[in-house]
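To start, the structure under review is shown below, and the notes come after it.
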Amino acid sequence: VQLQASGGGLVQAGGSLRLSCAASGRTLGRYVMGWFRQAPGKEREFVATINWNGGSTDYTDSVKGRFSISRDNAKNMVYLQMNSLKPEDTAVYYCAAGSSWFRRAANADYWGQGTLVTVSS
């Protein structure tokens with residue numbers, strides 16, 4: 001499956017962005033989908049995961065209550081709604097797909113290219 005992330009940009013602290021991930025090549029509904037991020041000089045970290053039908057989600061503690069992951073299998077799309085953004089959310093954000101539940105980057109099977117989110121203070 002090929003993944004294409006978009007929607008990044010520059011936003012002031014407290015603002016919102018919605019990231020999108022478009023999938024092609026295979027039906028998205030068979031995969032667990034997730035978002036990771038990587039800040040300069042840091043390792044790639046888990047942000048959120050969603051199961052195949054959207055019934056289960058998981059978030060890293062630092063984004064709980066501010067970010068929301070969702071998916072539209074009919075459109076082969078996954079989204080990350082990011083609200084109340086903070087400067088520490090600045091990173092390149094990557095979407096990923098896997099055949100089973102994952103929180104670790106090593107357990108994702110497919111990756112999209114990143115989209116840069118910059119939050120100014």
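From a predicted model like this one, the values you see are computed outputs, not experimental measurements.
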Walk me through whether Asp58 and Trp101 qualify under side chain to side chain contact (heavy atoms under 4.5 Å, CB included). CA-CA 10 Å; Asp58 191 18; Trp101 193 258; 3.5 Å; yes

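- The SG atom of Cys21 sits 7.5 Å away from the CE atom of Met77 when rounded to the nearest 0.5 Å.
- Phe46 is linked by a ring pair (Phe, Tyr, Trp, His ring centres under 6.0 Å) to Phe36, counting only residues two or more places apart in sequence or in another chain.
- Among residues at least two apart or in separate chains, salt bridge (charged side-chain N to carboxylate O under 4.0 Å, His left out) pairs with a member in residues 65-78 are Arg66-Asp89.
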Sequence neighbours excluded and cut-off under 3.5 Å, please list the side-chain donor-acceptor pairs for residues 110-121, or say none.
unit_1: Gln113; atom_1: OE1; unit_2: Ala5; atom_2: N; d: 3.4
unit_1: Gln113; atom_1: NE2; unit_2: Ala5; atom_2: O; d: 2.7
unit_1: Thr115; atom_1: OG1; unit_2: Gly8; atom_2: N; d: 3.0

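- Transitive grouping of hydrophobic side chains (ILVMFWY, heavy atoms separated by less than 4.5 Å) keeps Phe102 and Ile69 in distinct clusters.
- Tyr59 and Trp35 fall within the same hydrophobic cluster, defined by Ile, Leu, Val, Met, Phe, Trp and Tyr side-chain heavy atoms under 4.5 Å apart, directly or through other members.
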With side chain to side chain contact (heavy atoms under 4.5 Å, CB included) as the criterion, how do Asn73 and Tyr31 come out once you've worked through the C-alpha distance, each side chain's angles and the decisive distance to 0.1 Å? CA-CA 10 Å; Asn73 289 340; Tyr31 294 103; over 6 Å; no

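- Under the 4.5 Å side-chain heavy-atom criterion for Ile, Leu, Val, Met, Phe, Trp and Tyr, Leu80 and Tyr94 are members of distinct hydrophobic clusters.
- Scanning both residues, Val1 and Ala23, for their nearest heavy atoms gives CG2-CB, 4.0 Å.
- Linking Ile, Leu, Val, Met, Phe, Trp and Tyr residues whenever their side-chain heavy atoms come within less than 4.5 Å leaves Val78 and Trp52 in two separate clusters.
- Residue Arg37 holds its CZ atom at 4.5 Å from CD of Glu45, rounded to the nearest 0.5 Å.
- Rounding to the nearest 0.5 Å gives a distance of 9.5 Å between NZ of Lys64 and OG1 of Thr57.
- At a threshold of 4.5 Å between non-hydrogen side-chain atoms, the residues Tyr79 and Leu19 do not count as touching.
- Annotation for Ala97 and Leu3: closest pair N-CD1, 3.8 Å, computed over non-hydrogen atoms.
- Heavy atoms only, all atoms of each residue included: Ser70 and Ile50 are closest at CA-CD1, 3.7 Å.
- Follow the hydrophobic side-chain contacts under 4.5 Å out from Val63 and you reach Met33 in the same cluster.
- A donor-acceptor pair under 3.5 Å is formed between the side chain of Asn76 and the backbone N or O of Leu28.
- One side chain, Ser16 or Asn83, offers a donor N or O that lies under 3.5 Å from an acceptor on the other.
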